[in-house]
Amino acid sequence: MIPVILFLTSFATAALAAPKIIWDGRLKMDFPATDLDNSTTSPYNAEYVLGAGQKWSEQLVFPTMSVTGPSLFDLVFKDCRKPVEVTINNKSIFAPGGNAQKGFRRSELLPSINNGTDATVQGTTTLHLSVREDVHRSLNYSHEYQIAFIETNDFSSHVWTLKTGTPFGSSEVPAKDAKTLRLTSSTADGKAEEVLFSVPFDSGCWHNFAVQTNWVDSTISAWYSSGYGFMSEVVETRANNATGKGQAHIGILKLPTPPATDPSHEGYQPSGINEGLIYGGIFVEDSSQNGVSLTPW
Ligand SMILES: *[C@@H]1O[C@H](CO)[C@@H](O)[C@H](O)[C@H]1NC(C)=O
Ligand SMILES: *[C@@H]1O[C@H](CO)[C@@H](O)[C@H](O)[C@H]1NC(C)=O
Ligand SMILES: *[C@@H]1O[C@H](CO)[C@@H](O)[C@H](O)[C@H]1NC(C)=O
Ligand SMILES: *[C@@H]1O[C@H](CO)[C@@H](O)[C@H](O)[C@H]1NC(C)=O
Ligand SMILES: *[C@@H]1O[C@H](CO)[C@@H](O)[C@H](O)[C@H]1NC(C)=O
């Protein structure tokens, strides 16, 4: 709680010209896990994306605050919000319409209001999230992980993706830069993705991202900081096809290792896994007028 006390004094002057928050996924300290299973009480989709038969109250755990600490944007006025850990095991096999995606292991939070054409994908919006490693449920960096992305409405591509691990199909496994966080560009219209920003995924600290999309002009910009640092621009505004709009996914999508021509249904996944990633400060703000929040105070 130390950061909260330290920064409390500067809160008074904040908020005035802050961008409006469209959707807030930050959970209060007393938020019970079972409320995540109920669409009335959860800020996230209560059913998706999980393995068949799995529940959020089982796949999502609340990390010990004294170890993890709140993330940058969990330091809200006079209070704080708690981080959430998304976990996967070998039953994390999503089966839309009964068609099991055996190649993937997935647990991804979806903003409840984000139906593909709602306010989070109109005008200019910014998705904020912080992520950190759990050394007790570490990822396997021989695999590719997509840990936040916006999937287009027709499910054919991503507007942007935050990744870690070894890119699927890499000749070197694990890749030299496997343990990096990489923001990649739109894959609309069959375009190959480009890495727009990459930073080592250092353990023991929060990594804060703000990814902004102009849904009208199809551009992307991004800001980053680690720990409790002021965020700085790491991707200057550039063209990025956002015409497909879509839905934000925040969590773990673990790809298999090759060979697989259809990695969602084929490929190799070791059994007996217990992996997790800790997230905090998840919210979407309207950046049409007042830009992007670079600090919470
Ligand atoms: C979901 O939450 C609402 C509001 O608290 C409550 O009325 C309802 O009974 C809950 N549903 C279930 C299935 O627990
Ligand atoms: C999505 O949400 C918006 C805003 O609430 C609503 O106007 C629209 O009808 C919804 N679309 C679908 C397909 O449910
Ligand atoms: C990591 O993944 C690779 C490829 O699936 C697998 O061979 C290896 O056993 C895994 N390592 C651990 C520690 O699970
Ligand atoms: C953006 O992607 C859509 C397909 O989703 C395509 O029809 C359109 O031509 C693309 N626009 C640009 C500028 O590449
Ligand atoms: C899950 O792991 C168990 C043993 O750890 C194994 O028997 C089972 O086949 C695995 N299931 C899948 C879907 O990989």
Side-chain angles (χ1 to χ4, degrees), residues 20-24 39-40 43-48 87-90 92-93 102-106 110-123 125 133-146 149-161 163-176 178-179 184-194 201 213-220 237-248 252-260 263-277 284 286:
K20 187 174 144 247
I21 292 175
I22 300 172
W23 167 86
D24 202 339
S39 58
T40 317
Y44 298 98
N45 188 303
E47 286 178 74
Y48 300 116
T87 68
I88 54 166
N89 56 31
N90 80 346
S92 301
I93 299 173
K102 292 193 180 122
F104 290 159
R105 298 293 178 271
R106 312 177 67 164
L110 312 176
S112 57
I113 66 164
N114 193 191
N115 67 5
T117 55
D118 62 293
T120 63
V121 292
Q122 304 292 337
T125 62
E133 191 180 41
D134 177 358
V135 291
H136 302 294
R137 287 194 191 87
S138 36
L139 304 184
N140 179 336
Y141 290 91
S142 294
H143 287 251
E144 173 175 328
Y145 292 84
Q146 303 187 349
F149 57 90
I150 293 181
E151 183 175 37
T152 54
N153 276 336
D154 64 3
F155 306 117
S156 73
S157 62
H158 288 185
V159 177
W160 54 260
T161 311
K163 299 184 170 188
T164 190
T166 296
F168 179 81
S170 168
S171 54
E172 180 196 37
V173 182
K176 256 194 290 302
K179 206 172 170 194
T184 62
S185 64
S186 168
T187 53
D189 221 15
K191 257 198 157 175
E193 68 185 20
E194 279 177 66
F201 192 5
T213 302
N214 181 323
W215 301 98
V216 180
D217 296 341
S218 275
T219 64
I220 189 170
T237 306
R238 49 166 283 160
N240 192 63
N241 195 333
T243 51
K245 297 202 181 288
Q247 194 163 43
I252 300 179
L253 193 170
K254 182 185 188 184
L255 272 67
T257 50
S264 61
H265 296 98
E266 301 161 9
Y268 177 68
Q269 288 278 6
S271 60
I273 57 164
N274 176 25
E275 303 179 2
L277 263 188
V284 177
D286 178 2

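We count ligands from 1, going down the list as the structure has it; atoms in each ligand are counted the same way. Note that these values count all heavy atoms, side chains included, but never hydrogens, waters or copies made by symmetry.
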For side-chain contact (heavy atoms from CB on, under 4.5 Å), just list the numbers for Asn241 and Lys191, CA-CA rounded to whole Å, side-chain angles, deciding distance to a tenth of an Å, and then say yes or no.
CA-CA 10 Å; Asn241 195 333; Lys191 257 198 157 175; over 6 Å; no
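Atom CD of Glu151 sits about 5.0 Å away from atom NE2 of His158, to the nearest 0.5 Å. Thr125 OG1 to Asp286 CG: the interatomic distance, rounded to the nearest 0.5 Å, is 8.0 Å. Taking NZ of Lys102 as the start and CD of Gln269 as the end, the distance is 13.0 Å to the nearest 0.5 Å.
With a 4.0 Å cut-off on non-hydrogen atoms, Gln269 does not touch ligand 3 at all.
The contact set between ligand 4 and Ala188, taken as ligand atoms under 4.0 Å from a residue heavy atom, comprises 2 (O). Residue-ligand proximity, Thr243 to ligand 4, at heavy-atom distances under 4.0 Å covers atoms 1 (C), 2 (O), 3 (C). With ligand atoms numbered from 1 in the order given, ligand 4 contributes 1 (C), 2 (O), 3 (C), 8 (C), 10 (C), 11 (N), 12 (C), 14 (O) to contacts under 4.0 Å with heavy atoms of Asn241. The ligand atoms of ligand 3 that sit less than 4.0 angstrom from a heavy atom of Tyr268 are 5 (O).
Annotation: Ser142 places no N or O atom under 3.5 Å from an N or O atom of ligand 3; distance criterion only. Checked against a 3.5 angstrom limit, the closest N/O atoms of Asn140 and ligand 3 fall inside it.
Side-chain contact, Asp154 with Ser156: a donor N or O sits under 3.5 Å from an acceptor N or O. If you check the side chains of Asn114 and Thr120, you find a donor sitting under 3.5 Å from an acceptor.
When the shell of 6.0 Å around CZ of Phe168 is examined, it contains more than 12 heavy atoms from other residues, nucleotides or ligands.
Residues Leu277 and Tyr145 fail the side-chain proximity criterion, which asks for heavy atoms closer than 4.5 Å.
Remark: Glu275 does not engage Arg105 in a salt bridge, criterion side-chain N to carboxylate O under 4.0 Å.
A heavy-atom cutoff of 4.0 Å around ligand 2 is satisfied by the protein residues Asn115, Thr117.
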